[in-house]
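One structure is given below, encoded as structure tokens.
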Amino acid sequence: MKTAIVTGITGQDGAYLAQYLLNKNVRVIGAFRRGAERTSWRLKYLGIDKDIEPLEFELSEFAQIFKAIKDIKPDYFYNLGAMSFVGTSFDQPLYTQEVNYLGALRVLESIRLAELETRFYQASTSEMFGEVKTIPQNELTPFHPRSPYGVSKLAAHWASINYRESYGMHCSNGILFNHESPLRGDEFVTKKIVSCFFQISQNNIDFFELGNLDAKRDWGYAKDYVEGMEMITNLDKPDDFVIATNKTNTIRYFCELAANEFGYNIAWKGKGVEEIGFDSKTNKTLIRVNPKFYRPAEVDILIGCYDKIKKVAGWKPKTSLEDLVSLMCSEEIKLNNFFNTNKVN
Ligand code: NAP
Ligand code: G4F
């Protein structure tokens, strides 16, 4: 039986990856940080909280990381733990580097010092492309990050390549474009939109506020994407791969799709901060713009070409944006019931 350490086990991808690895008969050691309980609501929701071996783990603490890796000698190390919210990285640039870049470096250095054959996976991101130089973006597209988060992830990306080239370690980077699911954190725009429409449908709120409606993202389904992570680490040759859908859409379009799922028909009027989204059936305003959600520098468009991973590992996306929105909206109701009936963290 192979053993995998997964950092970020309490996050969206950690939960789905753990579920996928367990189904492949891999022993999963879930690295969580103090303050989080040993099991997160996501693991509980998926029904796998009892199947994961918890490991207290802080990405800013070298001695703890080194000891864990030396003692456990994992076959795989999936580094998904991060300060992952772009907006917050502008307010916490140093902490973001500490965890996202130096955290990855601590893991790499620990594997090297412990002289292990551990296969390392780094959660790289389309945010590294930032102000994009080509459309679509692929593994050869030059990087131009636009946030402290993007800068930290790019540094970790290069560290992973550097350990591969310098020490022959099996280090791979998955350059993942935005991927969403019912388990997505509340602060990310897709989940925020779905949750707010649900709250409007329950008469708990009248409207909600967003920032830039024109940004375009390549959105896929997280459950499809963790399969790509597992495929990458099982390739003979470590390498870097884009995982994406090769389709891009605006935040505005995502709102329209989610609104439909709850029985609203969104139309738009006004411009900039004056713009509103209203239900054309009732004329009620459901969406307003608030500049507090704008970012100091924006990534305007992301769209990824996944040809390389399709060719090398046979991975391709299975879920359309329309199906993804539909499943996020229907699951939102179930999630609400889950939170109402479970004491979870
Ligand atoms: P997420 O839901 O925000 O989860 C982040 C995880 O990192 C949480 O488990 C969090 O633990 C953990 N973490 C944060 N700081 C830590 C620290 N100092 N030490 C140890 N663990 C720490 O993120 P996600 O969407 O699953 O994304 C997984 C990874 O992929 C992240 O590295 C993200 O940057 C990257 N990525 C995500 C996307 C996407 O669209 N989702 C795209 C590209 C790359 P707590 O629960 O204790 O906070
Ligand atoms: O959902 P977001 O916060 O995701 P973002 O910034 O693209 O980052 C996510 O994807 C990255 C991959 O490219 C990951 F690496 C990263 O960890 C994270 O998972 O914002 C998406 C877009 C942005 O352009 C933002 O300006 O939506 C725009 N937006 C408009 N109104 C908003 C809002 N974003 C948020 N979070 N909240 C709003 O109210």
Side-chain angles (χ1 to χ4, degrees), residues 12-13 79-80 82 84-87 89-90 96 100-101 104 121-162 164 171-181 184 188-190 212-222 224-229 231-233 235 237-254 295-321 324:
Q12 169 190 259
D13 292 6
N79 189 36
L80 310 186
S84 68
F85 187 50
V86 173
S89 77
F90 287 98
T96 302
N100 296 6
Y101 168 45
Y121 174 90
Q122 171 60 19
S124 288
T125 163
S126 47
E127 267 287 312
M128 302 183 315
F129 296 120
E131 194 174 279
V132 300
K133 306 298 180 215
T134 63
I135 290 180
Q137 298 85 52
N138 67 19
E139 295 79 4
L140 301 176
T141 303
F143 298 115
H144 183 148
R146 296 268 283 169
S147 61
Y149 168 81
V151 171
S152 70
K153 282 288 187 173
L154 185 53
H157 180 85
W158 280 114
S160 171
I161 293 172
N162 184 242
R164 179 167 83 214
C171 303
S172 298
N173 297 307
I175 308 173
L176 270 57
F177 283 61
N178 297 53
H179 45 282
E180 319 296 314
S181 74
R184 188 58 146 147
F188 300 96
V189 77
T190 57
N212 181 359
L213 299 170
D214 296 313
K216 296 177 101 175
R217 289 292 182 274
D218 177 333
W219 284 297
Y221 182 26
D224 293 347
Y225 284 30
V226 299
E227 295 184 14
M229 297 179 189
M231 284 176 178
I232 289 171
T233 50
L235 292 171
K237 191 170 158 288
D239 205 344
D240 309 320
F241 296 93
V242 161
I243 297 189
T245 70
N246 209 355
K247 293 195 170 63
T248 192
N249 284 288
T250 58
I251 311 301
R252 201 186 297 279
Y253 181 60
F254 193 102
R295 294 183 178 164
E298 180 60 277
V299 171
D300 293 322
I301 175 166
L302 290 174
I303 174 164
C305 167
Y306 61 88
D307 285 356
K308 182 174 169 184
I309 190 166
K310 186 174 172 208
K311 189 166 168 226
V312 175
W315 183 91
K316 58 178 196 285
K318 294 188 266 196
T319 312
S320 69
L321 177 61
L324 172 63

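Starting from 1, each residue takes its place in the sequence as its number.
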Could you go step by step and tell me if His157 and Ile175 meet the side chain to side chain contact (heavy atoms under 4.5 Å, CB included) rule? CA-CA 9 Å; His157 180 85; Ile175 308 173; 3.8 Å; yes

Ignoring hydrogens and geometry, is there a side-chain-to-backbone donor-acceptor pair from Lys153 to Ala82 under 3.5 Å?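 Flag not set: sc Lys153 to bb Ala82 has no pair under 3.5 Å.
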
Does any N or O in the side chain of Ser89 come within less than 3.5 Å of the main-chain N or O of Tyr149, such that one atom is a donor and the other an acceptor?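 Side chain of Ser89 to backbone of Tyr149: a pair is present.
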
Shortest non-hydrogen contact between [X] and [Y], atoms and distance:
X	Y	result
Ala123	Leu80	CB-CD2, 4.0 Å
Met128	Gly150	CG-O, 4.1 Å
Pro317	Thr245	CG-CA, 3.9 Å
Glu180	Asn178	OE2-CB, 3.4 Å
Ala313	Leu235	CB-CD2, 4.2 Å
Phe90	Arg295	CE1-CB, 4.2 Å

Rounded to the nearest 0.5 angstrom, the OG1-CH2 distance for Thr319 and Trp219 is 15.5 Å

For the atom pair CH2 (Trp158) and OG (Ser124), what is the distance rounded to the nearest 0.5 Å?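 So the gap between those two atoms works out to 10.5 Å.
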
Quick one: are [X] and [Y] in side-chain contact, heavy atoms under 4.5 Å?
X	Y	result
Ser181	Gln12	yes
Asn246	Tyr306	yes
Thr125	Phe177	no

Determine whether Met229 and Ile232 satisfy the following criterion, side chain to side chain contact (heavy atoms under 4.5 Å, CB included), listing intermediate values before the conclusion. CA-CA 5 Å; Met229 297 179 189; Ile232 289 171; 5.8 Å; no

Apply the test side chain to side chain contact (heavy atoms under 4.5 Å, CB included) to residues Lys216 and Asp300: give CA-CA distance (whole Å), side-chain angles for both, the deciding distance (0.1 Å), then the verdict. CA-CA 6 Å; Lys216 296 177 101 175; Asp300 293 322; over 6 Å; no

Testing the 3.5 Å rule here: is there a donor-acceptor pair between the side chains of Gln122 and Asn79?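 Looking only at side-chain atoms, Asn79 and Gln122 do form a donor-acceptor pair, the distance falling under 3.5 Å.
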
Do Asp218 and Thr248 have side-chain atoms, one donor and one acceptor, less than 3.5 Å apart? no

State which residues pass salt bridge (charged side-chain N to carboxylate O under 4.0 Å, His left out) with Asp240; sequence neighbours excluded, sorted by chain then number. Arg164

Determine the sole option in Val299, Asn249, Thr190 for which the side chain to side chain contact (heavy atoms under 4.5 Å, CB included) test with Arg217 is passed.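 The passing option is Val299.
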
Please set out all donor-acceptor pairs under 3.5 angstrom arising from side-chain atoms of residues 131-138, sequence neighbours excluded.
| residue | atom | partner | partner atom | Å |
| --- | --- | --- | --- | --- |
| Glu131 | OE1 | Arg146 | NH1 | 3.3 |
| Lys133 | NZ | Glu131 | O | 3.4 |
| Lys133 | NZ | His144 | ND1 | 2.9 |
| Thr134 | OG1 | Pro136 | O | 3.0 |
| Thr134 | OG1 | Thr141 | OG1 | 3.0 |
| Gln137 | OE1 | Ile303 | N | 2.9 |
| Gln137 | NE2 | Thr134 | O | 2.9 |
| Asn138 | OD1 | Leu140 | N | 2.8 |
| Asn138 | OD1 | Thr141 | N | 3.3 |
| Asn138 | OD1 | Thr141 | OG1 | 3.4 |

Residues in side-chain hydrogen bond (donor to acceptor under 3.5 Å, both in side chains) with Asn212, at least two apart?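 Expected list: Glu298.
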
Contacts of type ring pair (Phe, Tyr, Trp, His ring centres under 6.0 Å), residue Tyr101, not counting sequence neighbours: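 Ring pair (Phe, Tyr, Trp, His ring centres under 6.0 Å) check on Tyr101 returns nothing, list empty.
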
Among residues at least two apart in sequence or on other chains, which ones pass ring pair (Phe, Tyr, Trp, His ring centres under 6.0 Å) with Tyr225?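 For Tyr225, the residues satisfying ring pair (Phe, Tyr, Trp, His ring centres under 6.0 Å) (neighbours in sequence not counted) are His179, Trp315.
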
Quick one: list whatever passes side chain to side chain contact (heavy atoms under 4.5 Å, CB included) with Phe188, sequence neighbours left out. Ser84, Phe85, Arg184

Please assess Asp239 against Lys308 for the test salt bridge (charged side-chain N to carboxylate O under 4.0 Å, His left out), listing each intermediate value before the final yes or no. CA-CA 10 Å; Asp239 205 344; Lys308 182 174 169 184; 3.2 Å; yes

Please step through side-chain hydrogen bond (donor to acceptor under 3.5 Å, both in side chains) for the pair Ser160 and Asn173, ending with a clear verdict. CA-CA 7 Å; Ser160 171; Asn173 297 307; 3.1 Å; yes

